[in-house]
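Would you mind keeping the following structure in view while I ask a few things?
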Amino acid sequence: MVSASLPDFPWDLLEPAKAVAAAHPDGIVDLSVGTPVDPVAAPIRAALTAASDAPGYPLTAGSPALRAAISAWLARACGASGTPGVLPTIGSKELVAWLPTLLGVGPGDVVVIPQVCYPTYEVGVKLAGAEVVRSDSLTALGPDRRIKLIWVNSPSNPTGKVLPATHLRKVVDWARERGVVVASDECYLTLGWEDTPVSVLSDEVCGGDYTGVLAVHSLSKRSNLAGYRAGFVGGDPALVGELLAVRKHAGMIMPAPVQAAMIAALDDESHVAEQRARYEARRTALHAALTGAGFTIEHSGAGLYLWSTRGEDCWKTVDWLAERGILAAPGAFYGPAAAQHVRIALTASDERVTAAVARLAA
């Protein structure tokens, strides 16, 4: 069975702590998963409704209007002055999980992922039958010619760390010298706080040449569209063309109403500014409450999480929080190097965040 080769589904391991937190007299404050809780903006919902009479098959490549909207957004938000290939995806998680397979990576090949990272990078490598190497250092990789793909993630999930343009440029240069594909997960790009994230497609990084480079984006966080499964990839036109060719055969097609909703979301920044303001207020309140309760917050200069530690095993911290009715994600979900951290999400209602702040103060 394929599932036997995969890690335990991490969220199942959190169920005992979740039960403890749920027993709190005032109910659970679930800060463990980055699931949006705020409304989808009215213009996006209107676009979805208007496109709901869609009896025919949509284009796997996305409608011409959607491709144009994605390209325009990459130019505005990512500083991409060239002409990257673009392709809608059914959210970003499915692309992360299947990218090695779609690119032909397989047994005998190596995929590099960050030391501390989103678990689905590793899952995707295992689905392809390849070998995972965790590393944040190019020099540590040595002359291994089995490497076919390297993942970078900035802003990072879970740490919120932002990689500067100089670092991203070194990764791209290193990969091109070796014929390695760079996949950059940029799902939190528009959520910079103390730090300003830079896209791998930026002219600062690749100067308009997207050879060997792919940037993965999602509207789940930016526009509260997690339930729509609305993502896209942009970059090397040849690689995007290969992804499209395989995805046509595999039936990986974004529904036409969602494509219409994506256009509305990409063309409007007012709802993004409103959502940023909500997250910023929650972040400020939780940051102060956590530090006041003795936590140290590291990185977290961007994204939707506060990477927090009490200098102890992460599961002990999870239990401490659960006793106060607060559920957090243990760092162990994100790699062995994160064993003393927990990830605190900003994706809870204002009322629940206020409750968490009060409990931490007590």
Main-chain N/O of Ala68 paired to Ser71 side chain as donor or acceptor, under 3.5 Å: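 No, the answer is negative, given that no donor and acceptor are paired below the 3.5 Å cut-off.
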Expected output: side-chain Thr347 to main-chain Val33 donor-acceptor under 3.5 Å: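 Side chain of Thr347 to backbone of Val33: a pair is present.
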Spacing of CD belonging to Glu194 relative to OG belonging to Ser300, to within rounding of 0.5 Å: 8.0 Å
Residue pair Asp268 / Ile44, side-chain heavy-atom distance below 4.5 Å: no
Pairwise distance CE(Met252) to CD1(Ile90) - rounded to 0.5 angstrom: 7.0 Å
Side-chain donor or acceptor of Arg176 paired with backbone N/O of Thr211 under 3.5 Å: yes
Point-to-point distance, once rounded to the nearest 0.5 Å, from CG of Leu87 to CD of Glu242: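 If I round to the nearest 0.5 Å, the distance is 11.5 Å.
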With Tyr188, the ring pair (Phe, Tyr, Trp, His ring centres under 6.0 Å) member among Tyr279, Tyr305, Trp193: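 By the ring pair (Phe, Tyr, Trp, His ring centres under 6.0 Å) criterion, Tyr188 pairs with just one of Tyr279, Tyr305, Trp193: Tyr305.
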Side chains of Ile147 and Arg178 in contact at under 4.5 Å (non-hydrogen atoms): no
Salt-bridge contact Asp26-Arg352 (side-chain N to carboxylate O under 4.0 Å): yes
Heavy-atom neighbours of Asp53 CG exceed 12 at 6.0 Å: no
Minimal non-hydrogen separation, Ala47 against Ala261, with atom names: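 For Ala47 and Ala261, the tightest heavy-atom pair comes out as CB-CA, 4.1 Å.
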Of His217, Glu204, Glu186, the residue whose pairing with Ser199 passes side-chain hydrogen bond (donor to acceptor under 3.5 Å, both in side chains):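 Among His217, Glu204, Glu186, the one that satisfies the side-chain hydrogen bond (donor to acceptor under 3.5 Å, both in side chains) with Ser199 is Glu186.
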Closest non-hydrogen atom pair, Ala69 against Asp267: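 The pair with the smallest heavy-atom distance is CB-OD1, 4.0 Å.
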Parallel, tilted or perpendicular: ring planes of His341 versus Trp307, cut at 30 and 60 degrees: parallel
Note, Phe295 side chain near Leu286 side chain (heavy atom, < 4.5 Å): no
Leu239 CG to Tyr210 OH distance, which is reported to the nearest 0.5 Å: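 Reported to 0.5 Å precision, the distance equals 14.0 Å.
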Inter-residue atom distance Cys117.SG - Asn153.CG, 0.5 Å rounding: 7.5 Å
Stepwise side-chain contact (heavy atoms from CB on, under 4.5 Å) check, Val240 with Val86: CA-CA 7 Å; Val240 172; Val86 297; 5.8 Å; no
Backbone of Gly325 reached by a side-chain donor or acceptor of Arg359 within 3.5 Å: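 Such a contact is found between Arg359 side chain and Gly325 backbone.
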Any donor-acceptor N/O pair, Arg324 side chain to Trp320 backbone, under 3.5 Å: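 Looks like yes, one N/O pair under 3.5 Å.
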Which residues share a side-chain contact (heavy atoms from CB on, under 4.5 Å) with Thr101, sequence neighbours left out: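 By the side-chain contact (heavy atoms from CB on, under 4.5 Å) rule, Thr101 matches Trp98, Ala128.
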Residues Leu306, Val342; criterion side-chain contact (heavy atoms from CB on, under 4.5 Å); working and verdict: CA-CA 8 Å; Leu306 294 171; Val342 294; over 6 Å; no
Within the 6.0 Å centroid threshold, strictly below: Phe232 and Trp73: yes
hydrophobic_cluster_shared for Trp151 and Leu102, side chain cutoff 4.5 Å: yes
Ala54 versus Pro257, closest heavy-atom pair with distance: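 Heavy atoms only, the tightest pair is CB-CD, 4.2 Å.
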Short side-chain to backbone donor-acceptor contact, Ser154 and Ser156, under 3.5 Å: no
Steps toward side-chain contact (heavy atoms from CB on, under 4.5 Å) verdict (Leu149, Tyr121): CA-CA 11 Å; Leu149 173 66; Tyr121 301 142; over 6 Å; no
pair Pro336-Arg134: side-chain heavy atoms closer than 4.5 Å: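 Yes, their side chains come closer than 4.5 Å.
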Electrostatic pair Lys161:Asp136 at N-O distance under 4.0 angstrom: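 Result for this pair is no, no salt bridge flagged.
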Worked check of side-chain contact (heavy atoms from CB on, under 4.5 Å) between Thr159 and Tyr334: CA-CA 10 Å; Thr159 71; Tyr334 306 99; over 6 Å; no
Donor-acceptor pair, side chain of Arg282 and main chain of Ala348, under 3.5 angstrom: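 Here the side-chain-to-backbone pair exists.
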Arg45, CZ: over 12 other non-hydrogen atoms inside 6.0 angstrom: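 Result for CZ/Arg45: open.
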Close side-chain approach of His24 to Val29, heavy-atom, < 4.5 Å: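 SC-SC contact between His24 and Val29 ruled out.
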Atom pair CG (Leu31) and CD1 (Ile344), whose distance is rounded to the nearest 0.5 Å: 6.0 Å
Side-chain H-bond candidate by donor/acceptor type, Gln275 with Ser223, under 3.5 Å: no
Side-chain heavy-atom pair Val116, Pro158 within 4.5 angstrom cut-off: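 Touching, per the 4.5 Å side-chain cut-off.
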Backbone N/O of Tyr118 and side chain of Thr120: donor-acceptor pair under 3.5 Å: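 Looks like no, no N/O pair under 3.5 Å.
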Flag, side chain of Asp109 to backbone of Gly106, donor-acceptor distance under 3.5 Å: yes
N/O donor-acceptor pair under 3.5 Å between Gln259 side chain and Met254 backbone: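 Yes: the side chain of Gln259 pairs with the backbone of Met254.
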Arg276 and Glu269 ion-paired at < 4.0 Å: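 Not counted as a salt bridge, because no side-chain N and carboxylate O are separated by less than 4.0 Å.
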Close side-chain approach of Leu214 and Leu99, heavy atoms under 4.5 Å: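 Yes, side chains in contact.
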Hydrophobic cluster identity match, Val180 and Val132, side-chain contacts under 4.5 Å: no
Smallest separation among heavy atoms of Ala264 and Pro43, with atom names: CB-O, 4.0 Å
Close side-chain approach of Arg169 and Thr166, heavy atoms under 4.5 Å: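 Heavy-atom side-chain distance check passes, below 4.5 Å.
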Common cluster, Ile253/Leu66, ILVMFWY with side-chain heavy-atom separation under 4.5 Å: no
